[in-house]
Amino acid sequence: MGVLGKVVQRVKYEGAARVAPSLVRAGRLQHQLKSRGKKRKAPGSELFGPPLETYAKLKEVLTSHYLSGRYANGAVPVAWVTSGFPVEFLRPFGYHVVYPENHAAMCGVQRMGVELAQTSEEWGIPRDVCGYARSDIGSLLSGKSPAGKIPKPDLLLACTNICQTVVYWYRTLGKMLDVPVFVIDTPYQYGEPDSHAEQYVADQIEECIHVAARVAKRRVDMGALRETSKISREASLLWGECMALSKHKPAPWTGFDQFLHIGPIVAMRGLPECNAYYRMLRDELADRVSRGIGAIREEKHRLMWDNLPIWYELRSLSQLLAERGFNIVTTSYTNGWAETAPLFDPEDPVRSAARVYARVFINRDLEYRLGLFKQLVSDYDCDGALLHSNHSCKPYSIGQLDLSHELAKEASIRTLVVDADHIDMRVYSKEQTEGRITAFMESFET
Amino acid sequence: MSPTVRIGIDVGSTTTKLVAIDETGAVLAKSLEPGNPRIRDQSSRMIAAMRAKVGDAHAPVVATGYGRKLVPDASKVVTEISCHARGAFHCMKQPGVLIDVGGQDTKVIRLGAGGDVDDFAMNDKCAAGTGRFLEVILPRLNVEWNELAQLFARATETVTISSTCTVFAESEVISLIANGQSVEGIVRGLHTALADRVSALAGRMLAGAPAVYLSGGVANNPAMVAALSAKTRREVTVVPEPQYVGALGAALSGRG
Amino acid sequence: MKDQNVREYLAAQRDLHKRPTVVAFPTLYPREVLTALDLCAWEVWSAHASDYPDADAGRLQGYLCPTVRGAQAFLSGAEHGAIAAIVPHTCDSLQGLATIGKHLGGASVPVLSFRHPRGSDRPASRRYLRAELESFVCELEKVSQRTLDPARLTAAIELHRRLEALVGKVLRGRPWLTMSDADLYAVLRRMEWKHPEDMVVELEAVEAQIDRSVPRRKGVPLVFSGMVPEPSGLFETLEDAGAYVAGDDYAGLGRRLPAHDGPIDQDPIGSVVERLLLMPPCPTRALNSSLRIDRLRALASEAGAGGVVLHTVKFCEPELFDVPLMRRGLEQAGLKVLHIETELEDRVTGQIATRLEAFVEMLSDERSA
């Protein structure tokens, strides 16, 4: 592509981000016009409080992100990264960042997960590996995606702080696309974090910054790095504030809402738009709290959720719970995005990022996790917990049977382990699971 | 003098099949019985009957199928992969990909130019991609095997069966019926789910295959043929006498 | 009782040679350090949960791999008589097992982790591995109440090298050995618990049987790659079908022979780091899969094998994820590939036997054509 072509592509890329909000608004208006006079409400909506207004903004923010992605190739460098990757360091180089996990979650919500997984199974990926990986690879193979066109990466970046699976997944992508893969390995933290592991992580981040600079053909600017780590820290703090508002009774939003609103903190960390979004969300939630508006009409019981969501059942499960006055008020998953961010130190961005990313709860031992659960249960005054035993995600699920038992005992609450998969509907038995959750809820009434 | 009549026996998980051929490979006789756990006794009896029928008390026997090693009269034992390949190629005379959906086993075999096995895949222990899947669930719908084709063709929608685990799928179907979903739609959904599973197994082998053949008991079910054609977007040809392909291949394996 | 002979052997080592037992789970850990500290390793690759009725049942989900479930049963229910257990970082599940053992009362002995760096070999990973090894040695010194003597470590490295050289010779000399695969693997797998000195003696006897003046053994040569060569009945099935293992890339055997030996310098810890980094590619360390493809191609070519069997344990993500890339890479080199999956069951199931036999039939047809 010549210089002019690049400029044109760049204008398109930036233009797409600007037009997206108006497109989303126009779409909404059209929808409102069409449904005018019909006033059809979603089934079960009487169980919930009024929908969050920020939700419309969420759509705008994410649509701009995905829409601009269509024009990213040739305009800006593109990186595909894992959710726990220190993405801050890519921002100063102008990378367009794609999150295959986030994309897989979208596929899950749209119930496209199985179809895409089958495509990758036909290609040869065994069924027993992570469903996100299978769906994502299936999407790449078939070109099918709920997000339209995903730009091809110039660089694949994986961090092992969420699992080892990402290395295999990204290596496979790397082979399929013939794109370099850079892995930041974060050794699992047994007990207190150890200095040699954190030094190792810091060394790799440093190395990665130079790789990213080389691919982007830009120079490393430490000043800019400090700035993004400041933005990122603030974003995580804002996200934490949003979640903490659920300590109020009734909680102004549900854990299932959090699963949807997590999008920007995962995919847009380090960008000012992300922070603006969470400021808006926080203000709306705070306003609800001050006016006593709850996420569900009648909040009788408060639950903690562990592990990833069951994306394809968000609606039916939230309804099932709300019918009996149960609300998920906190989740270990969404909390993870606020937990270690305060460790960011803009004065020492690399070393502090090593701490932020190596100390995420999923990379720490189960004693730590139990302590975290107890803290959440007490902070949010929960009287029960649902632990999603997730076939796809071994590192998040191993130990849950012990954790469930210990948490029930030590926090004096009721707990239930729910067997499912975050994306592969084929291993989920809806009838059995809903029956078990109902019986669990009944046990609160005796 | 080499014998002219040869017998192949395919001891499958649900049925036992025998085929006798002459020196040209033409089928002289065949027989089929539901499988008996006492494989030795059943196979001896069926082989004796077959030998009597073709008038050759010493016709050599080649055994295949999951009970192949339990046939005392067999002079040779060959896996069902090789036998299916031989049997199918003998009938079809062209290379291609053979899908055999049996009672508890599903296999996909890529036949090379000379009918040799180029590559193959088999289902894992789970029964989800086999004929058993339909066998377990159909009674819940109160439909007979011979109605499937009509129901499948009549369906105006495909009701998605999301669980592939046979046990889960059974409870899913029960609740679908309770929720008033049409039987036709469910039948179509079940066959589609099975075709999905089989096609995942076939995977890369289907790419560029000159032809797709179907054998095994399930091949007698036109709904399955339709579902597989739809899934693979290919014409699926049923091998003549699809249940006997393995036994035929075994008989052919006895030729010098 | 299961493993009676192992227990008796280790008890004798403990009582007569003052060599306490340390249990080790898959895959890679510095064995020479144990030898230098006069400890006996008991590697547990394939414990069966059903063999330990006293184990804490129901702590792990059914979708975790049988290796890890067996390891958990062993940790909580076996009379292993060990002073500690080592859980290397092999996969997300074993890492979880380590923390269940360390922090949730899942083990009656101290659990030591050994976190191998994952991903490419870089200067940072070398530095880290060295520090990790030093902290591992410290832990091991603490639980064994012994101190590592550099001279003894040097001697231990030499002993392990002798053993590895023998294993290498035996595996490469396979076509000229008359013993069956089942017998050969029974000998090789005694390395999982026998002291290296005793193993050297045992393998020298096997090596002496290699007679390259006789023709190669008959049968279809195959390369096997995977975690654990179980069930052992696989080898009998293979032999009946007219084939044998001519190239080994099992995680505990062929995959633990360093690519080459460097000089042992003044700093034996540095040599241990080097040795770990020179181990053949294993997906549990998340190395680039091309390296493994190259290695399997080389093994097949050396053994004259036309087929590679990828033998995975159900739910083993590191191995499973490699299957499609391995298959493509090997097929491009004209090799046939069979993927079989086992669950550490006692017997070979009919389906696995059929696959193996059909694979051998396919390769022999090709050879005769």
Side-chain angles (χ1 to χ4, degrees), chain A residues 120 123-130 133 158 160 163-165 167-169 171-172 174-175 181-185 187-188 190-191 194-197 199-204 206-207 364-370 389 391-403 405-406 417 419 421 427, chain C residues 56 58-65 68 89-93 95-100 102-106 111 113 115-120 122-125 127-132 134-135 283-284 286-290 312 314-318 320-325 327-329 339 341:
Chain A
S120 67
W123 188 77
I125 309 263
R127 275 178 71 119
D128 289 324
V129 310
C130 166
T160 59
C163 58
Q164 186 161 309
T165 302
V167 183
Y168 306 118
W169 174 1
R171 284 262 160 79
T172 305
K175 277 270 189 311
V181 183
F182 192 95
V183 175
I184 291 184
D185 178 27
Y188 193 73
Y190 298 99
D194 53 306
S195 59
H196 71 272
Q199 179 64 46
Y200 170 46
V201 177
D203 288 350
Q204 296 172 87
E206 186 106 43
E207 202 183 330
R364 301 192 66 172
D365 63 60
L366 290 175
E367 190 174 30
Y368 179 85
R369 204 180 298 176
L370 179 62
S389 169
H391 284 230
S392 269
C393 192
K394 272 79 173 175
Y396 209 155
S397 304
I398 188 168
Q400 262 178 334
L401 306 182
D402 275 312
L403 289 174
H405 179 74
E406 296 289 322
V417 175
D419 192 56
D421 188 280
V427 302
Chain C
D56 291 345
R59 291 185 90 146
L60 298 181
Q61 291 96 330
Y63 55 81
L64 294 167
C65 86
V68 174
H89 183 108
T90 292
C91 62
D92 294 326
S93 301
Q95 151 197 296
L97 178 73
T99 163
I100 290 175
K102 272 175 188 268
H103 305 107
L104 297 178
V111 175
S113 50
R115 302 167 304 172
H116 208 283
R118 296 165 288 183
S120 321
R122 299 176 282 215
S125 40
R127 285 195 295 273
Y128 161 73
L129 181 56
R130 164 126 202 165
E132 178 72 4
E134 282 168 355
S135 103
T284 64
L287 288 163
N288 194 332
S289 53
S290 309
T312 61
K314 189 156 176 74
F315 298 119
C316 173
E317 207 162 66
L320 285 175
F321 239 113
D322 250 9
V323 170
L325 294 180
R327 190 184 272 281
R328 280 173 174 74
H339 174 207
E341 189 166 79

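Chain A is the first sequence line, chain B the second, and so forth, proteins listed ahead of strands; every chain is numbered from 1.
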Check: By side-chain contact (heavy atoms from CB on, under 4.5 Å), which residues pair with C:Ser113, not counting sequence neighbours?
Finding: A:Tyr190, C:Lys102

Margin query: Taking side chain as everything from C-beta outward and backbone as N, CA, C, O, which of these in C:Asn288 sits under 4.5 Å from a heavy atom of chain A? Side chain, backbone, both or neither.
Written below: both

Checklist line | Region of C:Arg328 that comes under 4.5 Å of a non-hydrogen atom in chain A | finding: side chain

Check: Most heavy-atom pairs under 4.5 angstrom with chain C, which of A:Val183, A:Val167, A:Thr165?
Finding: A:Thr165

Check: Does the side chain of A:Ile398 come within less than 4.5 Å of C:Asp92's, by heavy atoms?
Finding: no

Checklist line | Check: A:Lys394 and C:Val68 side chains under 4.5 Å, non-hydrogen atoms | finding: no

Margin query: On a heavy-atom basis, which atom in A:Tyr168 and which in C:Thr284 lie closest, and how many Å separate them?
Written below: OH-CA, 3.8 Å

Checklist line | Side chain / backbone / both / neither for C:Glu134 at chain A, heavy atoms under 4.5 Å | finding: neither

Checklist line | Straight-line distance of C:Ser289 OG to A:Lys175 NZ, nearest 0.5 Å | finding: 4.0 Å

Next item on the list: Tell me, for C:Pro318 versus chain A, whether the close heavy atoms (under 4.5 Å) come from the side chain, the backbone, both or neither.
Entry: both

Item checked: Heavy-atom closest pair, residues A:Tyr200 and C:Ser125 -> CE1-CA, 3.6 Å

Note to self: Using heavy-atom distances under 4.5 Å, tell me whether A:Val129 contacts chain C through its side chain, its backbone, both, or neither.
What the structure shows: both

Next item on the list: Report the distance from atom CG of C:Leu320 to atom CZ of A:Arg127, rounding to the nearest 0.5 Å.
Entry: 12.5 Å

Next item on the list: Using non-hydrogen atoms and a 4.5 Å limit, figure out which bit of A:Glu207 sits close to chain C: side chain, backbone, both or neither.
Entry: side chain

Margin query: I need the C:Gln61 CD to A:His391 NE2 distance, nearest 0.5 Å.
Written below: 8.0 Å

Notebook entry, point to check: Taking all non-hydrogen atoms of both residues, which atom of C:Thr99 and which atom of A:Glu367 are closest, and how far apart?
Noted result: OG1-N, 4.4 Å

Next item on the list: Measure the shortest side-chain to side-chain distance between C:Pro324 and A:Pro126 over non-hydrogen atoms and say whether it is less than 4.5 angstrom.
Entry: yes

Note to self: Tell me the closest heavy-atom pair linking C:Thr90 and A:Gln164, and the distance in Å.
What the structure shows: O-NE2, 3.1 Å

Margin query: Please give me the minimum heavy-atom distance between A:Leu401 and C:Gly58, naming the atom from each residue.
Written below: CD1-O, 3.3 Å

Notebook entry, point to check: chain A heavy atoms under 4.5 Å from C:Leu129: which part of the residue, side chain, backbone, both or neither?
Noted result: neither

Notebook entry, point to check: Looking at A:Cys393, A:Ala133, A:Pro187, which makes the most heavy-atom pairs under 4.5 Å with chain C?
Noted result: A:Pro187

Notebook entry, point to check: Can you find a pair of side-chain heavy atoms, one from C:Arg122 and one from A:Gln204, that are under 4.5 Å apart?
Noted result: yes

Check: Between C:Leu64, C:Thr312, C:Val323, which residue shows the highest count of heavy-atom pairs closer than 4.5 Å to chain A?
Finding: C:Leu64

Note to self: Is C:Arg115 in contact with chain A via its backbone, its side chain, both, or neither, using a 4.5 Å heavy-atom distance?
What the structure shows: side chain

Notebook entry, point to check: What option among A:Gly174, A:Cys163, A:Ala202 has the most heavy-atom pairs under 4.5 Å with chain C?
Noted result: A:Cys163

Check: Do the side chains of A:Val427 and C:Tyr63 get nearer than 4.5 Å, heavy atoms only?
Finding: no

Note to self: Less than 4.5 Å to any heavy atom of chain C: does that hold for the side chain of A:Ser397, its backbone, both, or neither?
What the structure shows: both

Item checked: chain C contacts, top residue of A:Ala197, A:Gly191, A:Ser195 (heavy-atom pairs, under 4.5 Å) -> A:Ala197

Item checked: Contacting moiety of A:Cys130, where chain C heavy atoms sit under 4.5 Å -> both

Item checked: Selection from C:Pro123, C:Ala124, C:Gly105 maximising heavy-atom pairs under 4.5 Å formed with chain A -> C:Ala124

Check: Once you round to the nearest 0.5 Å, how far does CD1 of C:Ile100 lie from CG of A:Leu366?
Finding: 6.0 Å

Next item on the list: Show your reasoning for whether side-chain contact (heavy atoms from CB on, under 4.5 Å) applies to C:Glu341 and A:Asp128.
Entry: CA-CA 11 Å; C:Glu341 189 166 79; A:Asp128 289 324; 4.2 Å; yes

Check: Can you say whether A:Tyr368 sits under 4.5 Å from chain C via the side chain, the backbone, both, or neither, judging by heavy atoms?
Finding: neither

Item checked: Interface moiety of C:Ser135 toward chain A, non-hydrogen atoms closer than 4.5 Å -> side chain

Note to self: Salt bridge check, A:Asp185 against C:Arg118: does any charged N sit closer than 4.0 Å to a carboxylate O?
What the structure shows: yes

Checklist line | Under 4.5 Å from a heavy atom of chain C, the part of A:Ala158 involved | finding: neither

Margin query: Among residues at least two apart in sequence or on other chains, which ones pass ring-ring contact (aromatic ring centres under 6.0 Å, His included) with A:Tyr396?
Written below: A:Phe361

